[in-house]
Protein chains: 2
Amino acid sequence: MNISESELTVITTLWQQSPMTIGQIIERVQQHTDWHDNTIKTLVSRLLKKNHISRVKDGRQFFYSPITQQNEVAEVESKQLLNRFFKGKVSPLLAHFAENKKISQQELNEIESIIQELKNNIANGDKND
Amino acid sequence: MNISESELTVITTLWQQSPMTIGQIIERVQQHTDWHDNTIKTLVSRLLKKNHISRVKDGRQFFYSPITQQNEVAEVESKQLLNRFFKGKVSPLLAHFAENKKISQQELNEIESIIQELKNNIANGDKND
DNA sequence: AGTCATAGTTTACAAATGTAGTCACAAAGA
DNA sequence: TCTTTGTGACTACATTTGTAAACTATGACT
């Protein structure tokens, strides 16, 4: 099952720090939303039901942790985006951002070094595969 | 208002070719879905209501065209993805794909030339801004 | 003229989503 | 002991989305 937009906000806090109690989750989520406590509780239960997070009881409270990891979700969502708009490839996305001048000089440098590293890996036959 | 997943499928055919009659839209969408005619009609009316497409009557038929353009939607969706998972930047996304070895040698070359061009533009002060 | 195929409009209905309210219980404090 | 407060479970309700069915109007064909 999928993670909805607002559920994502909740599980994101758990990706940043876990385990947390419901109180901690509510506190952190409310730092950048105006959602009611109960709303956040509902989102947590939906994530539980969808099996994206788990919890263990310690004393009288539960401590919540993510099951589904951020990079898994990022992977799926990225692929969907690429398929929907960029023929399934990264380069057209990059080209899009390039056209719209949304890439800073510093980011350019970062991208260059990522590319450079990739090329080196390929040149070396990439023994770590 | 937002474009839903299945609405996107419909408007995508209009991005590829427009204007089209409803019959043409249905035909093209059904080339890669098994949606019922009426389903597609409903999606078209929702896109109309949301003002993402327009239509003009010619004789007794309407000819439909997109109002919202693909690159606008791609822009918004891309930004959302980057914000949600990659700190709002392209490079971490690229790094993610790099790690997962989802980038072919050819794409690497494409990326390199995009980068190269960007650097040249910056070096020239990018007079076309 | 009658029938069929197409296009267009309106209505339907379940599941998912956003956004809570209500109720019960137990630990903590007055 | 009584009350407050945090936690958890269950219920609620409007909107959006997916997925059509039903009905209407109008050319096209027989």
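Just so we're on the same page: letters track the sequence lines, and every chain starts at 1. All heavy atoms count here, side chains included; hydrogens, waters and symmetry mates do not. Note that the coordinates shown come from a computational prediction; the quantities given were computed from them, not determined experimentally.
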Check your understanding: Does Arg46(B) place a side-chain N or O at less than 4.0 Å from the phosphate oxygens OP1/OP2 of dT10(C)?
Key -> no
Looking only at dA7(C), dG8(D), dG8(C), the nucleotide nearest the Phe62(A) side chain is dG8(D)
When rounded to whole Å, the CG to P distance for the pair Leu8(A) and dT17(C) reads 12 Å
dist Glu77(B):CD -> Leu82(B):CG (nearest 0.5 Å) comes out at 11.5 Å
Contacts satisfying salt bridge (Lys or Arg N to Asp or Glu O under 4.0 Å) that involve residues 36-54 of chain B (not counting sequence neighbours) are Glu7(B)-Lys50(B)
Next on the checklist: How about CD on Gln106(B), more than 12 heavy atoms from neighbouring residues, nucleotides or ligands closer than 6.0 Å, or not?
Outcome noted: no
Lys49(A) atom NZ is separated from dA9(D) atom C1', nearest whole Å, by 11 Å
Would the distance check show the side chain of Glu107(A) and the main-chain N or O of Ser91(B) forming a donor-acceptor pair, the cut-off being under 3.5 Å? yes
Query raised in the report: Taking only side-chain nitrogens and oxygens of Tyr64(B), does any of them come within less than 4.0 Å of OP1 or OP2 of dG8(C)?
Result: yes
Whole-Å distance, Lys57(A) NZ to dC25(C) P, equals 14 Å
Quick one: are Leu47(B) and Tyr64(B) in side-chain contact, heavy atoms under 4.5 Å? no
Picking from dT19(C), dG18(C), dA20(D), the nucleotide nearest the side-chain atoms of Trp35(A) would be dT19(C)
The nucleotide from dA12(D), dA20(C), dG8(D) with an atom nearest the side chain of Thr39(A) is dA20(C)
Closest of dT17(C), dA7(C), dT7(D) to the Lys41(B) side chain is dA7(C)
Requested in this report: Look only at the side chain of Ser18(A) and the backbone of Trp15(A), and say whether a donor-acceptor pair between them is shorter than 3.5 Å.
Outcome: no
message = Can you tell me if Ser4(B) touches the phosphate of dT16(D), counting only side-chain N or O atoms and a distance under 4.0 Å to OP1 or OP2?
response = no
Between CD of Glu27(A) and P of dT7(D) the distance, given in whole Å, is 10 Å
Against the side chain of Thr42(A), the closest entry in dA21(D), dA7(C), dA20(C) is dA20(C)
Ile40(A) atom CD1 is separated from dG6(D) atom P, nearest whole Å, by 14 Å
Whole-Å distance, Ile3(A) CD1 to dA16(C) P, equals 15 Å
Here the distance between atom P of dG8(C) and atom CD of Gln24(B), to the nearest Å, is 11 Å
Check: Ile67(B) main-chain N/O paired with Gln69(B) side-chain donor or acceptor under 3.5 Å
yes
Between Gln61(B) and Glu7(A), the residue closer to the 5' end of DNA chain C by nearest nucleotide is Gln61(B)
Pairs under 3.5 angstrom, nitrogen or oxygen only, protein versus nucleotides 26-30 of chain C, please.
none

From the candidates dG21(C), dG8(D), dT19(D), the one with an atom nearest any side-chain atom of His36(A) is dG21(C)
Notebook entry, point to check: Heavy atoms, side chains only, cut-off 4.5 Å: are Ile111(B) and Leu94(B) in contact?
Noted result: yes
Picking from dG8(C), dG18(C), dA20(C), the nucleotide nearest the side-chain atoms of Asn38(A) would be dA20(C)
Closest to the side chain of Lys50(B), out of dT7(D), dG8(C), dT17(D), is dT17(D)
Whole-Å distance, Ile26(B) CD1 to dA20(D) P, equals 13 Å
